[in-house]
Amino acid sequence: MKLAEFELRLDLVRRRRSASVPPDFEPFEFLTAADQELRRVEDELGAVLPAQYREFMMRYGGGTFLYLDLVPVRDLVRVNRFEQVPDFVVIAPVGTGDSWGFEVRDGVCGDQVSFWFHDDRNQEPESADFLEFLSAKGLRYSESG
């Protein structure tokens, strides 16, 4: 998914929700990261993050994202050391021990977001890319409204 299409969906969902939530409630946290911080995290994780994810984290950031909690970049190393999922960068723990994230091969994260099951330590593809994942799981966007 292209960023422009995602931003249209984000704007539409925010406008629809603004009528149904209290004015002091903000369902998006937007804890942004700088390029330098992302490079440091990549060095510490030993994995190059997907370009789409990097761009999103610099523009919008992590934290609460409506129906999803995205790990802010500043916490990415700590969370991944705690989760200890081999060849996988956790970007959104579910709270049950399972997580969403990127598979790592030869020090590079794939674009696809997968779901990691802690009980059998297997992964299942979730979305072709990070913005599709955010649209489906974070915004719960559907074309029908």
(message) Go through it in stages, so that I can follow the logic: the residues are Thr32 and Tyr60, the test is side-chain contact (heavy atoms from CB on, under 4.5 Å), and I'd like the CA-CA distance, side-chain angles, deciding distance and then a yes or no.
(response) CA-CA 6 Å; Thr32 59; Tyr60 293 103; 5.6 Å; no
(message) Go through it in stages, so that I can follow the logic: the residues are Leu66 and Arg140, the test is side-chain contact (heavy atoms from CB on, under 4.5 Å), and I'd like the CA-CA distance, side-chain angles, deciding distance and then a yes or no.
(response) CA-CA 9 Å; Leu66 195 53; Arg140 294 189 183 167; over 6 Å; no
Compile the donor-acceptor pairs under 3.5 Å between side chains in residues 74-81 and protein atoms, sequence neighbours left out, one pair per line.
| residue | atom | partner | partner atom | Å |
| --- | --- | --- | --- | --- |
| Asn80 | OD1 | Val90 | N | 2.6 |
| Asn80 | ND2 | Leu76 | O | 2.9 |
| Asn80 | ND2 | Val90 | O | 3.1 |

Could you tabulate the donor-acceptor pairs under 3.5 Å formed by side-chain atoms of residues 50-57, not counting sequence neighbours?
| residue | atom | partner | partner atom | Å |
| --- | --- | --- | --- | --- |
| Gln52 | OE1 | Phe130 | N | 3.0 |
| Gln52 | OE1 | Leu131 | N | 3.1 |
| Gln52 | NE2 | Met1 | O | 2.8 |
| Arg54 | NE | Glu42 | OE2 | 3.0 |
| Arg54 | NH1 | Asp35 | OD1 | 3.0 |
| Arg54 | NH2 | Asp35 | OD1 | 3.1 |

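Leu8 meets the side chain to side chain contact (heavy atoms under 4.5 Å, CB included) test with no other residue; sequence neighbours excluded. In this structure Phe28 satisfies the ring-ring contact (aromatic ring centres under 6.0 Å, His included) test together with Phe30, Phe65, sequence neighbours excluded. In this view, Glu44 and Arg40 satisfy the side chain to side chain donor-acceptor pair (under 3.5 Å) rule, not counting sequence neighbours. In this structure, the side chain to side chain contact (heavy atoms under 4.5 Å, CB included) partners of Asp120, at least two apart in sequence or on a different chain, are Phe117, Asn122.
To the nearest 0.5 Å, the span separating OH on Tyr141 from OH on Tyr67 amounts to 14.5 Å. The line from CG of Leu139 to CG of Leu68 is 9.0 Å long, rounded to the nearest 0.5 Å. Taken to the nearest 0.5 Å, the CD atom of Glu7 stands 4.5 Å off from the CZ atom of Arg59.
Inter-residue side-chain proximity for Glu124 and Trp116 is flagged as unmet; no heavy-atom pair is nearer than 4.5 Å. Contact check for Arg121 versus Phe88: no side-chain heavy atoms found under the 4.5 Å cut-off. Side-chain contact between Leu49 and Ile91: absent, with no pair of heavy atoms (C-beta onward) separated by less than 4.5 Å. Residues Val71 and Pro93 have side chains in contact (heavy-atom distance under 4.5 Å, counting atoms from C-beta outward).
Here the shortest heavy-atom pairing between Leu70 and Gly61 reads CD1-O, 4.2 Å. In plain terms, the two heavy atoms of Gln123 and Ser114 that are nearest each other are OE1-CB, 3.9 Å.
Residue pairs meeting the side-chain hydrogen bond (donor to acceptor under 3.5 Å, both in side chains) criterion with at least one partner in residues 82-108, sequence neighbours excluded, are Thr96-Asp98, Asp98-His118, Glu103-Arg105. Applying the side-chain hydrogen bond (donor to acceptor under 3.5 Å, both in side chains) test to residues at least two apart or on different chains, the pairs with a partner in residues 126-137 are Arg9-Ser135, Glu126-Lys137.
Note on Leu31: it does not cluster hydrophobically with Val73, by side-chain heavy-atom contacts below 4.5 Å among ILVMFWY residues. The hydrophobic clustering, which links ILVMFWY residues whose side-chain heavy atoms are closer than 4.5 Å, places Leu3 and Leu12 together.
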